[in-house]
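This chain uses plain numbering: 1 for the first residue, then up along the sequence. Atoms within each ligand, like the ligands themselves, are counted from 1 in listed order.
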Amino acid sequence: MQAADRQRFAAVSMMIDDRLAELIRRRPRTLVLTGAGLSAESGIPTFRDAQTGLWSRYSPAELASPEAFEADPERVLDWYDWRRELIARSRPNAGHTAVKRLLDALPGARLVTQNVDGLHQLAGARDAIELHGNIWRLRCAAPGCRHERYWSDRTAPAPRSCPDCGKILRPGVVWFGESLPAQALASAWQLAEVAEFVIVAGTSGLVHPAAALPFHALEQGARVVEINPDRTALSQAAHWHLACSSGTALPALADLLDAP
Ligand code: NAD
């Protein structure tokens with residue numbers, strides 16, 4: 001371990017009090033909820049970060065909404081091609097690996113993610129519930145056409161025209177103003193209902209309904225730890241707020257399960 005990593009690790013270890021350590025060692029029924037901050041350390045910008053380069057003059061809503069797609073589909077699809085390229089070059093980071101370790105070590109633990117990049121799955125996380133879809137899925141935008149496919153070729157831009165009807169293909173993600181997939185949302189809600197412990201990492205809590213999940217779990221009596229360098233609407237209500245990066249805090253939590 002490098003000196004800077006050792007320092008960071010020591011700092012987060014001090015934030016993990018005995019009550020949190022004991023809770024994790026009891027192996028509670030756990031829900032892990034993640035957001036864009038978790039992939040920030042893999043080089044994928046969050047929506048709250050300024051967009052970079054070419055795309056800096058657009059807001060997320062101008063690139064990820066049905067209205068934006070309606071107004072200028074080429075611009076939206078170009079942006080998704082750029083994001084897929086970025087994601088294809090990215091690797092899961094220490095936070096993703098730690099989530100996989102937690103899921104493996106905690107019986108019945110489940111992951112609900114708002115991320116669309118597929119990095120959790122690349123890190124080996126099983127049965128992730130993707131609340132906002134997946135950028136590698138494509139579906140036909142034409143009403144009535146049910147064409148859907150997974151685009152796994154990471155070296156080429158995704159096709160734009162539907163092989164069934166010839167209309168335009170869109171990314172299989174949930175845009176601002178759209179409904180979440182009903183099954184995924186129902187499963188996530190149910191998991192929040194029965195969780196004894198919730199780990200919320202890298203999410204601003206500004207995007208609903210995902211933001212309501214930890215509050216629902218709190219109401220049902222769950223203990224909640226939030227991992228975010230910044231404070232959010234959840235910070236006050238959570239039992240613990242670890243003010244550091246997910247790539248530091250999540251491995252520290254997972255390490256507690258290795259200790260004899
Ligand atoms: P968000 O952009 O609203 O918030 C990100 C949060 O992560 C912020 O609160 C920030 O303080 C925190 N953060 C930044 N770096 C961090 C780190 N290293 N460790 C821990 N936390 C860190 O993201 P959101 O809450 O997920 O909601 C935005 C929407 O954008 C979601 O719908 C999501 O689907 C989408 N999105 C996804 C990706 C992705 O898949 N990687 C990227 C950008 C946006």
Side-chain angles (χ1 to χ4, degrees), residues 5 8 11-12 15 32-52 55 58-66 68 76 79-80 82-99 111-123 125 128-137 171-181 184-185 188 199-215 225-236 238 240-253:
D5 290 338
R8 268 203 301 275
V12 73
M15 290 182 218
V32 183
L33 173 68
T34 64
L38 205 99
S39 293
E41 289 165 282
S42 292
I44 302 168
T46 70
F47 276 177
R48 313 289 142 194
D49 289 337
Q51 302 277 76
T52 46
W55 301 102
Y58 301 110
S59 71
E62 286 174 297
L63 298 164
S65 68
V76 170
W79 185 62
Y80 276 94
W82 175 78
R83 290 190 68 206
R84 277 194 210 89
E85 252 180 77
L86 188 69
I87 293 166
R89 288 198 305 268
S90 306
R91 302 295 309 156
N93 64 55
H96 295 107
T97 307
V99 168
L111 168 65
V112 173
T113 187
Q114 297 167 86
N115 293 348
V116 299
D117 54 34
L119 289 184
H120 277 302
Q121 291 86 338
L122 214 53
I129 294 177
E130 294 180 314
L131 279 183
H132 295 164
N134 188 301
I135 199 166
W136 299 101
R137 258 198 311 273
V173 301
V174 177
W175 282 332
F176 291 104
E178 290 186 321
S179 302
L180 272 62
L185 183 58
I199 301 172
V200 182
T203 173
S204 62
L206 293 172
V207 179
H208 281 268
L213 288 169
F215 289 96
V225 59
E226 179 188 48
I227 298 166
N228 195 320
D230 292 343
R231 290 188 73 77
T232 72
L234 178 67
S235 309
Q236 184 73 28
W240 300 272
H241 173 242
L242 307 184
C244 57
S245 77
S246 46
T248 310
L250 287 165
L253 294 185

Open item on the list: When you measure from the side chain of R84 to the backbone of W136, do you find a donor-acceptor pair of N or O atoms at a distance under 3.5 Å?
Closed with: no
Task: Straight-line distance of Q114 CD to I129 CD1, nearest 0.5 Å - done: 13.0 Å
Task: Min N/O separation G202 to ligand 1 under 3.5 Å - done: yes
- [ ] Return yes when P45 approaches ligand 1 closer than 4.0 angstrom through a heavy atom, no otherwise.
- [x] yes
Open item on the list: If you measure every N or O of A36 against every N or O of ligand 1, does any of those distances drop under 3.5 Å?
Closed with: yes
TODO: If you have a sec, work out which protein heavy atom is nearest atom 14 (C) of ligand 1 and how many Å separate them, to one decimal?
DONE: G37 CA, 3.8 Å
Open item on the list: Give the atom numbers and elements of ligand 1 that come within less than 4.0 Å of a heavy atom of E41.
Closed with: 18 (N)
Task: Atom indices of ligand 1, in the order listed, that fall short of 4.0 Å to a heavy atom of D117 - done: 39 (C), 40 (O), 41 (N)
Open item on the list: Between ligand 1 and V116, is the shortest N or O to N or O distance under 3.5 Å?
Closed with: yes
Open item on the list: Exactly one of T203, V225, L33, I199 should register a side-chain contact (heavy atoms from CB on, under 4.5 Å) with P214. Which one does?
Closed with: L33
- [ ] For ligand 1, indicate whether the residue S39 contacts it via side chain, backbone, both or neither (heavy-atom separation under 4.0 Å).
- [x] side chain
- [ ] Using heavy-atom distances, let me know which of G247, S246, P229, G43 sits nearest atom 21 (N) of ligand 1.
- [x] P229
Task: Shortest non-hydrogen contact from S235 toward D230 - done: OG-O, 4.5 Å
Task: atom 25 (O) of ligand 1: nearest protein contact (heavy atom, Å) - done: T203 OG1, 2.7 Å
Open item on the list: Counting only heavy atoms closer than 4.0 Å, does ligand 1 sit against the backbone of I44, its side chain, both, or neither?
Closed with: side chain
Open item on the list: Which heavy atom of Y80 sits nearest to which heavy atom of L63, and what is that distance?
Closed with: CE1-O, 3.7 Å
Open item on the list: For ligand 1 and T232, I'd like to know whether there is a polar contact (N/O to N/O, distance under 3.5 Å).
Closed with: no
TODO: May I ask you to decide if G172's main-chain N or O and N134's side chain share a donor-acceptor pair within less than 3.5 Å?
DONE: no
Open item on the list: Under a 4.0 angstrom heavy-atom cut-off, which atoms of ligand 1 come close to G35?
Closed with: 26 (O)
- [ ] Examine S245 against ligand 1 and note whether any of their N/O atoms are separated by less than 3.5 Å.
- [x] no
Open item on the list: Keeping E226 on the side-chain end and A238 on the backbone end, is there a donor-acceptor pair under 3.5 Å?
Closed with: no
Open item on the list: Over 60° means perpendicular and under 30° means parallel, so tell me whether H120 and H96 are parallel, tilted or perpendicular.
Closed with: perpendicular
TODO: Tell me which part of V207 gets within contact of ligand 1: side chain, backbone, both or neither, using heavy atoms under 4.0 Å.
DONE: side chain
Open item on the list: Is L206 close enough to touch ligand 1? Criterion: a residue heavy atom under 4.0 Å from a ligand atom.
Closed with: no
Task: Under 3.5 Å: donor-acceptor pair, side chain of S42, backbone of R91 - done: yes
Open item on the list: As an exercise, identify every atom of ligand 1 less than 4.0 angstrom from a heavy atom of H132.
Closed with: 31 (C), 32 (O), 33 (C), 34 (O)
TODO: State whether the side chain of N93 and the backbone N or O of S39 hold a donor-acceptor pair below 3.5 Å, judged by distance alone.
DONE: no
TODO: Could you pull out, from Q114, H120, E130, the option with a heavy atom nearest to atom 33 (C) of ligand 1?
DONE: Q114
- [ ] Using the side-chain contact (heavy atoms from CB on, under 4.5 Å) rule, pick out the option among V173, L180, T113 that qualifies with H132.
- [x] L180
Task: Any A201 heavy atom less than 4.0 Å to ligand 1 - done: no
TODO: Could you check which of T46, T34, N228, D230 puts a non-hydrogen atom nearest to atom 8 (C) of ligand 1?
DONE: N228
Task: Any N/O pair R83/ligand 1 closer than 3.5 Å - done: no
Task: Trace of the side chain to side chain contact (heavy atoms under 4.5 Å, CB included) decision for H241 with T232 - done: CA-CA 10 Å; H241 173 242; T232 72; over 6 Å; no
TODO: Please answer whether the main-chain N or O of D117 pairs with a side-chain N or O of N115 as donor and acceptor at a distance below 3.5 Å.
DONE: no
Task: F47 N/O to ligand 1 N/O under 3.5 Å - done: yes
Open item on the list: Tell me the contacting part of R231 for ligand 1: side chain, backbone, both, or neither, using a 4.0 Å heavy-atom threshold, strictly below.
Closed with: neither
Open item on the list: Could you tell me if the side chain of V174 sits less than 4.5 Å from the side chain of P181, heavy atoms only?
Closed with: yes
